[in-house]
Structure formats: C-alpha cells, structure tokens
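Contents: one structure, followed by commentary.
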Protein chains: 2
Amino acid sequence: MGTTQLETAPEPKYWHLKTVLSDALDTEFAVGEILPNERDLAARFGVARATLRQALEQLELEGRLQRRRGVGTTVAPPRLGVAVDPARHTWPGAAGDDWQPVAASETDEVPAAVARLLESAPGETVHVVRRSRVSAGQPVAAELLYVRTDTVPDCVDAAAVAPDGHAHAVLRALQALDLDGQDRTVELGSARAEDARQLDRLPGSPVLVVTTRYVSRGRTAAVAVSTYRADTCRLTFGERTAQPVLAG
Amino acid sequence: MGTTQLETAPEPKYWHLKTVLSDALDTEFAVGEILPNERDLAARFGVARATLRQALEQLELEGRLQRRRGVGTTVAPPRLGVAVDPARHTWPGAAGDDWQPVAASETDEVPAAVARLLESAPGETVHVVRRSRVSAGQPVAAELLYVRTDTVPDCVDAAAVAPDGHAHAVLRALQALDLDGQDRTVELGSARAEDARQLDRLPGSPVLVVTTRYVSRGRTAAVAVSTYRADTCRLTFGERTAQPVLAG
DNA sequence: TAGTGGTCTAGACCACCCA
DNA sequence: GGGTGGTCTAGACCACTAC
C-alpha cells in the first residue's frame with residue numbers, strides 16, 4: 001500500500017462545481033451581473049450541461065443565483081427579510097398589514113389539511129380570499145385565507161353588492177371579532193400553478209409554506225396558507241429584519 | 001381553425017407524472033410501503049429514468065417520499081411537527097430542552113453572517129458548541145451554537161478540565177446570565193457535509209435553517225444556527241403541534 | 001452478488017425573451 | 001431569428017445495502 005489516501009471522499013462533480021462557483025460569485029461577480037450561459041460554463045468546466053445545471057440548481061435554491069428562461073442567469077441579491085406577523089396579534093387585513101386582496105369567493109373545495117384545522121365538515125362552504133404580498137417592489141408571497149362562514153355571517157350577501165367587495169367585506173368583518181390568539185407552522189413545499197404565476201416563478205419552485213391558525217372564542221375562525229418564495233425570502237420572527245443571510 | 005384548443009398548456013411530463021404518482025400515493029399505498037424501483041416505474045410510465053426521477057425528487061421535497069440508496073423508495077409518514085422555541089424565553093441548554101451537546105471547541109472560523117450578528121471582530125475566537133436534536137427516534141436537526149467568549153468568561157479553562165466538559169461548561173454558564181430576548185429567521189438552505197452526516201442525509205439535501213439570536217444586556221451574546229431536515233420536519237411556532245401537513 | 005438509488009454524459013427539441 | 005434556460009432521452013458507471 002504505497003498510496004496513503006486519507007479520506008478519498010469521491011466528491012460528486014456537481015458538488016465540487018457548486019463550491020467553485022460559489023467562491024467565484026463571492027469574489028468575481030457583482031449582484032445583478034449576468035453569468036455566461038450554461039453551455040459555455042459547462043464547456044469551460046469540462047462537464048456535461050446536465051451536471052453544470054445540477055450545481056446551478058443548488059445555488060439557486062440557496063438564493064445565490066436567479067435564472068430566467070430566455071434571459072440568462074444572474075447573481076441574486078441577498079435574501080429579503082420578510083416579517084411573519086411582527087408580534088402584532090391582529091387579524092389579517094388589519095390596518096397596515098402588507099397584503100393586498102386579489103380575489104374572493106365562497107367554495108367547498110378546501111384542502112383536507114385546512115379543513116381539519118378549521119374543523120369544517122366535508123362539503124361545508126367557506127370564504128376564501130386570495131391575497132398577495134409585495135415587498136421591495138417584487139411579489140414575495142401568495143396567500144389563500146380560509147374563513148368559516150359562520151364566523152362572519154354578515155358577509156353572506158355582501159359578495160353580491162360590490163364587484164370586488166367580497167374580499168373587503170370578509171376582512172372587515174374579521175376586525176370586529178375578538179382574537180384569542182394564533183399559531184403557525186412553516187414547512188417546505190413546491191409552488192402550485194396558480195401560486196407560481198402570482199409569484200412570477202415556474203410551477204414546482206421551492207416555497208416556504210406558512211400556515212397560520214386564527215383562534216376566536218376558543219375556536220379556529222380562519223386559516224391562512226401563505227406561500228413565500230424560498231429563493232428570495234428569509235422569514236423573520238421577532239424584531240430583527242435587517243441582517244443578510246446564512247444558507248448552504 | 002377547426003381545432004378549438006383552450007389553454008393547451010403543454011404541461012411538462014414530470015409535472016403530470018408527479019400528479020399521477022401523488023394521487024396513487026394517496027389511494028394505493030400505505031405509509032412505509034416500498035415503491036417499484038425507478039427503472040421499472042420509468043418503463044411503466046413510458047418515460048426516461050431521468051424524467052421519472054424529476055417527479056420523485058419533487059415528491060421527496062414535499063415530504064411524500066423517502067429515498068435511500070441501496071434500499072429503495074418508500075412512502076413517507078406525515079411530517080413531524082417540531083416546536084421551535086415553545087415561547088419559552090430561555091437560553092439553549094436550559095432544563096428540558098430537546099438538544100444534546102455533541103462537541104465543543106473554541107474557534108475563529110465563524111461564518112460571516114454569524115460574525116455580523118455576534119458583532120465579533122474578524123479573527124476573534126468564540127465558543128462553538130455542536131448539538132443534535134432527536135425527535136420520535138430520528139435526528140431532526142443539527143445545530144452550531146456560537147457564544148461570545150467574553151459573555152462566559154469562566155469557560156476559558158473549563159474546557160481543559162473535563163474531556164467533554166467544554167460544551168456543558170458553556171451551556172451552564174449561559175443559564176446564569178440575564179436573557180433580554182431572542183429573535184429568529186427561517187430560510188431554505190442545503191445541508192453541508194457535516195450537518196448532512198448528522199442528519200443521516202446526503203450533502204446538499206434541502207434543510208430549513210433557523211438562525212436564533214440571543215440578546216443579553218443589550219448585546220448579542222450567542223447565535224444558534226439550527227439545520228432542520230426539510231423533508232421530514234414541519235416547524236411549529238406557538239402552541240399547536242399535532243396537525244398534519246399541507247405542502248405541494 | 002444482485003439490486004437499489006446517485007451521478008454523469010452527449011446529444012435533442014421546446015418555450016420564452018429580446019433586438 | 002438568435003440566444004437563453006427548461007425538458008427529455010437512452011444509455012453508462014458508481015456507491016451503497018442487504019442477502
């Protein structure tokens with residue numbers, strides 16, 4: 001055994017590539033700068049395009065790169081810190097929140113997980129309000145807010161009154177109720193078609209799914225499913241919002 | 001124009017495959033059951049293995065599947081709800097927390113983002129404690145806890161005293177301090193080699209990175225970077241821990 | 001040793017953006 | 001129309017697990 005090989009870890013090519021590219025991004029590129037195209041990069045590193053893409057995908061996942069079909073690959077700015085409920089225990093739609101209602105309707109198509117949280121019977125209809133959150137000029141999150149019909153009884157006819165009045169009627173009705181509290185979960189998901197469109201991403205892009213439960217009079221009155229772009233967002237809890245990022 | 005084609009959305013094959021597989025998982029498979037291998041599945045659906053894998057990767061990302069090299073692909077159980085600080089404002093290592101110290105040392109290799117939070121000078125050494133979190137019998141998170149040396153001055157020599165005493169000495173010293181508060185961020189990352197090993201995953205697997213800042217006497221005393229398995233974990237904030245999942 | 005998922009290749013075509 | 005990233009193919013070999 002002449003060859004002393006300590007830890008001949010056969011590091012995958014794409015992994016090594018990712019490291020090299022990551023270092024290059026730190027030292028040789030500025031935010032917003034366009035990288036060479038994938039075919040050229042692959043040739044330069046002597047790998048197949050698929051392998052190069054595997055490295056780029058990881059870097060995009062970590063928020064280091066931004067890729068747009070027909071345009072190119074650019075160096076992404078640091079992730080945007082977005083506050084998830086700034087410790088204000090308020091209903092959605094309260095004065096000063098960062099969401100804009102987009103549409104609203106009444107439906108009985110409630111995802112099973114949401115129906116369970118709402119304690120709604122199968123087939124029971126609920127209000128559903130689609131909202132959008134914009135921060136620093138770009139869309140960061142899409143939301144579906146599910147509200148039990150019986151918690152906002154005054155809204156039953158309000159929908160018919162104004163063309164876009166339904167969303168506002170529901171949100172306004174919520175403000176009048178007591179809010180006992182809220183709790184929240186965060187998990188990884190992939191953007192469904194409609195959310196992806198709203199977030200200006202491709203379907204299947206990684207997203208952070210925040211599920212918020214609003215409790216009133218000891219019962220779950222509403223459930224919000226908020227879908228944040230995982231590539232560009234850093235969710236913040238508490239006071240801090242400024243600092244950049246650690247990922248990867 | 002005889003062909004009336006409303007929205008001929010050319011849905012990618014892997015996307016459609018994902019939908020089909022997802023439905024099949026709901027109706028025809030039980031948790032823990034082993035799927036046919038990738039080559040057979042690809043043949044059955046008439047696609048290349050790479051395409052089939054693209055669908056499987058998404059389903060794994062959403063926590064629906066679990067894949068292990070040399071073994072096979074199994075149906076994953078619902079994601080595990082793990083509480084991220086149950087609203088108890090305590091130092092890490094407080095009685096009853098779910099973390100186990102693994103190792104500790106003093107180092108000056110502090111990630112830039114952490115150094116910024118700690119307000120530590122470049123080259124300044126800090127204590128770093130590696131911890132592990134196990135829930136329901138499986139590892140769910142790996143953590144690196146960075147503590148300013150000057151906030152726990154009694155630890156300088158404690159490290160030499162006991163073989164594994166360093167970690168405990170640092171954690172014990174923290175308990176004696178006043179804790180003004182903490183704040184937190186959550187973002188998507190990919191597991192680095194050491195974390196991946198600790199989490200029983202491959203390097204690069206998607207993880208949820210929780211960065212917690214501990215403030216004492218108006219200064220940042222410690223920063224914890226906790227890396228949770230994104231495929232198996234749902235982070236919970238607040239009281240709720242039980243309910244299953246919505247993702248994808 | 002046989003079977004699994006993980007990596008990699010060298011092509012091809014498509015959808016999209018912009019000049 | 002030319003260039004970009006996105007999808008897809010049909011192979012090959014490797015690393016790991018279990019028998």
Separation of D:dA15 atom C1' from A:Glu11 atom CD, nearest Å, is 15 Å

Taken to the nearest whole Å, CG/A:Leu65 to P/D:dT4 is 16 Å

task = Give a yes or no answer on whether the side chain of B:Arg229 reaches the backbone of B:Leu199 with a donor-acceptor pair at less than 3.5 Å.
result = yes

Charged N to carboxylate O below 4.0 Å: is that the case for B:Arg131 and B:Asp98? no

Rounded to whole Å, the CD-P distance (B:Gln66 to C:dT4) equals 18 Å

task = Using only heavy-atom distances, determine whether the side chains of A:Gln58 and A:Arg64 contain a donor-acceptor pair under 3.5 Å.
result = no

Checklist entry - Is the B:Phe237 ring parallel, tilted or perpendicular to the A:Phe237 ring (thresholds 30°, 60°)? => result parallel

Between CD of A:Glu38 and P of C:dT9 the distance, given in whole Å, is 14 Å

Checklist entry - Below 4.0 angstrom from OP1 or OP2 of D:dC8, is there any side-chain N or O of B:Tyr14? => result no

> Does a side-chain N or O from A:Asn37 land closer than 4.0 Å to OP1 or OP2 of D:dG3, or not?
Replying inline: no

Taking D:dT7, C:dT9, D:dT9 as options, the one with an atom nearest any side-chain atom of B:Pro12 is D:dT7

Atom CH2 of A:Trp15 and atom P of C:dT7 are separated, to the nearest Å, by 10 Å

For D:dG5, take OP1 and OP2 only and decide whether either is under 4.0 Å from a side-chain N or O of A:Thr73. yes

Checklist line | No-hydrogen, no-angle side-chain donor-acceptor test under 3.5 Å, B:Arg184 and B:Thr212 | finding: yes

Non-hydrogen side-chain atoms of A:Leu61 and A:Asp231 separated by less than 4.5 Å
no

Step-by-step side chain to side chain contact (heavy atoms under 4.5 Å, CB included) determination, A:Gln198 to A:Val102: CA-CA 10 Å; A:Gln198 199 171 334; A:Val102 172; 4.2 Å; yes

From CG of B:Leu202 across to C1' of D:dC14 the rounded distance in Å is 13 Å

The correct set of residues in residues 49-57 of chain B placing a heavy atom under 4.0 Å from DNA chain D is B:Arg49, B:Ala50, B:Thr51, B:Gln54

Quiz prompt | Donor on one side chain, acceptor on other, A:Tyr228 and A:Arg133, under 3.5 Å | solution = yes

Pair A:Arg130 + A:Glu143, salt bridge at N-O below 4.0 Å
no

With 3.5 Å as the limit, what N/O pairs link the protein to nucleotides 14-19 of chain C?
none

Taken to the nearest whole Å, NZ/B:Lys13 to C1'/D:dA10 is 13 Å

B:Arg67 CZ to C:dG3 C1', in whole Å, measures 16 Å

